[in-house]
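These numbers come from a predicted model, not from an experiment. Chain identifiers are assigned alphabetically (A, B, ...) following the order of the sequence lines, protein sequences preceding nucleic acid strands; residue numbering begins at 1 within each chain. Any value given below was found using the heavy atoms of this structure, including those in side chains, with hydrogens, waters and symmetry copies removed.
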Number of protein chains: 2
Amino acid sequence: MKYSASEENYIKCIYHLQEQHEQVSAGMLAEAVQTKAASVTDMLKKLQQKKTVNYRPYQNFTLTETGNRIALDVIRKHRLWEFFLVDKLGFRWDEVHDIAEELEHISSPVLIQRLDNYLNNPAFDPHGDPIPDNRGKIKIIRQANLTELNLKQTYSVSAIKDQSSQMLDLLQHYGIQLGTKLKVQRRFEFDGSLEIKIDKQPVATLSEQVAKNIYCTL
Amino acid sequence: MKYSASEENYIKCIYHLQEQHEQVSAGMLAEAVQTKAASVTDMLKKLQQKKTVNYRPYQNFTLTETGNRIALDVIRKHRLWEFFLVDKLGFRWDEVHDIAEELEHISSPVLIQRLDNYLNNPAFDPHGDPIPDNRGKIKIIRQANLTELNLKQTYSVSAIKDQSSQMLDLLQHYGIQLGTKLKVQRRFEFDGSLEIKIDKQPVATLSEQVAKNIYCTL
DNA sequence: AATAATATTTAGGCGAACCTAAAAATAAAC
DNA sequence: GTTTATTTTTAGGTTCGCCTAAATATTATT
Ligand SMILES: [Mn+2]
Ligand SMILES: [Mn+2]
Ligand SMILES: [Mn+2]
Ligand SMILES: [Mn+2]
């Protein structure tokens, strides 16, 4: 079955919302796809027809198995293209999202397969998010937020939640990127700020707001 | 001004039709964009509004200067992506057209600029067609059809008009690709067939139908 | 020049994806 | 358990890109 770019965006959004919330409502989805609730209702009825979503009026809804599969496929494309843009074309990671948002709808499976090979089958995108393989399988890594790490133990940065240019700017200032090894020296109760140490760099202090966006492998 | 994928396709088609015919009519355009004449009329009115086409009801039409510029931009994107698909992802040239037909509508100028650099600013696509630069300038090469070449003189293959897999198949069989050096030994009046010689290969005979699709630099 | 053949435009309609405003259902507050 | 507030759906409308059928303009033929 064929899906329009719009349908793919809705499906992908539902998937992401399900990752973060127990229940997904029409309002949340409207917010996420940047549209109005009335439009969401229209789309939900269409997606239900196509059996990609389990939906009953006024109830919360979920993706069906096929819906899940489609979401993973779009996410795979999105993240592979992001990887390409950063790794091959030299974009910074705060520049790639919008472009990948368009590229993810190119509908050639063989293109994606070849792109994947060309990039040496990366398992994670430039933001540290996992790239599903061609069967929709995701490599799960045990990771924890910087705020939850054991003190004085060395960890490796694995993902950044906030992907804005402001965040990138800040991370560059601190010399932090994916793969950076660091340890948390201490945590201040007062504001939740963290004192961190990176090899060959002076000790630095991160606000809790920043720390909450940084994840490390366990 | 923003242009939809559909508008871009129409504009590009008009450009290509203008390359081959003195006059471009609604019927020709309908055929080229695979739609009905009534739809072409609708679109022509819209494109006229946007000042990309010089159009008056029942008359033949032409692209305006802006129309031309847009066409060259889309063609640039199309051919750069084709080059990428063949050169980097290893596609054959009969496989890339449909994918490029989608990719050409991705709307990030910086993406195309970076792609161009990444590919080392190629001047020709995998079919030998010129790639406009970022100002819309095309590198024109003097070329002639195989059927018009001087006999017993060596030329270099520069472009193939028919881009079907059947043609690729045939060319591969004869060991012909872009850049291949060859000379025409003789031409048979009866059917227009050509006897050609390629270094280190036995003499081969090409039908006029094939020869008409092959161009060489002068 | 009149008529026949062909090309093009208009008229009216359809599906997709969006919108606003009003109605209806659910959830929260009293 | 009502009443109120919030969420969701329905109703009706818009734009885009397409369609068929009918009307009209252009071009070709006699
Ligand atoms: Mn998207
Ligand atoms: Mn990402
Ligand atoms: Mn196209
Ligand atoms: Mn080409």
Distance-only check: which donor-acceptor pairs under 3.5 Å involve side-chain atoms of residues 161-168 of chain B, not counting sequence neighbours?
{"residue": "B:D162", "atom": "OD1", "partner": "B:S164", "partner atom": "N", "Å": "2.8"}
{"residue": "B:D162", "atom": "OD1", "partner": "B:S164", "partner atom": "OG", "Å": "2.6"}
{"residue": "B:S164", "atom": "OG", "partner": "B:M167", "partner atom": "N", "Å": "3.1"}

Those residues that, when tested against A:H127, pass ring-ring contact (aromatic ring centres under 6.0 Å, His included) (two or more places apart):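 ring-ring contact (aromatic ring centres under 6.0 Å, His included) list for A:H127, sorted by chain: A:W93.
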
Residues forming a ring-ring contact (aromatic ring centres under 6.0 Å, His included) with A:H16, sequence neighbours excluded: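 ring-ring contact (aromatic ring centres under 6.0 Å, His included) check on A:H16 returns nothing, list empty.
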
Without decimals, in angstroms, what is the distance between [X] [atom1] and [N] [atom2]?
{"X": "B:M28", "N": "C:dT8", "atom1": "CE", "atom2": "P", "answer": "10 Å"}
{"X": "A:K50", "N": "C:dG15", "atom1": "NZ", "atom2": "C1'", "answer": "12 Å"}
{"X": "B:L44", "N": "D:dC18", "atom1": "CG", "atom2": "C1'", "answer": "15 Å"}
{"X": "A:R56", "N": "C:dA25", "atom1": "CZ", "atom2": "P", "answer": "14 Å"}
{"X": "A:K2", "N": "C:dA16", "atom1": "NZ", "atom2": "P", "answer": "13 Å"}
{"X": "A:M43", "N": "D:dT8", "atom1": "CE", "atom2": "C1'", "answer": "17 Å"}
{"X": "B:Q23", "N": "C:dT6", "atom1": "CD", "atom2": "P", "answer": "21 Å"}
{"X": "B:K45", "N": "D:dC18", "atom1": "NZ", "atom2": "C1'", "answer": "14 Å"}

For [X] and [N], is the shortest distance between a side-chain N/O and OP1 or OP2 below 4.0 Å?
{"X": "B:S25", "N": "C:dA7", "result": "no"}
{"X": "A:T41", "N": "D:dT10", "result": "no"}
{"X": "B:S39", "N": "D:dC18", "result": "no"}
{"X": "A:Y55", "N": "D:dT8", "result": "no"}

Listed once per pair and sorted, the salt bridge (Lys or Arg N to Asp or Glu O under 4.0 Å) pairs that draw on residues 98-108 of chain A, sequence neighbours left out: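 For residues 98-108 of chain A, and leaving out neighbouring residues, the salt bridge (Lys or Arg N to Asp or Glu O under 4.0 Å) pairs sorted by first residue read A:K12-A:E101, A:K12-A:E104.
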
For [X] and [Y], test the side chains for any donor-to-acceptor distance below 3.5 angstrom and give the result as yes or no.
{"X": "A:T64", "Y": "A:N54", "result": "no"}
{"X": "B:N9", "Y": "B:H105", "result": "yes"}
{"X": "A:Q143", "Y": "A:S158", "result": "yes"}

Distance-only donor-acceptor test (3.5 Å): side chain A:D42, base C:dC18: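 Present.
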
Restricting both atoms to N or O, compile the protein contacts to nucleotides 21-28 of chain D shorter than 3.5 Å, with distance only.
{"residue": "D:dT24", "atom": "O2", "partner": "B:Y58", "partner atom": "OH", "Å": "3.4"}
{"residue": "D:dA25", "atom": "O4'", "partner": "B:Y58", "partner atom": "OH", "Å": "3.4"}

Residue-level proximity of residues 3-12 of chain A to DNA chain C when a heavy atom falls under 4.0 Å: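 Only A:S4, A:S6, A:Y10 qualify.
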
Any donor-acceptor pair under 3.5 Å from A:R142 side chain to A:T217 backbone: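 Pair absent, no side-chain N/O of A:R142 close to backbone of A:T217.
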
Selection from C:dT9, D:dT9, D:dC19 that lies nearest to any side-chain heavy atom of B:A26: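 Minimum distance to the B:A26 side chain belongs to C:dT9.
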
Output field: ring centroids B:Y15/B:Y10 closer than 6.0 Å: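 Between B:Y15 and B:Y10, the centre distance exceeds or equals 6.0 Å.
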
Residue mapping more 5' on DNA chain C - nearest nucleotide basis, A:K36 or B:A37: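 It is B:A37 whose nearest nucleotide is closer to the 5' end.
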
Note, B:V53 side chain near B:T62 side chain (heavy atom, < 4.5 Å):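 A side-chain contact is absent here, since even the closest heavy-atom pair is not under 4.5 Å.
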
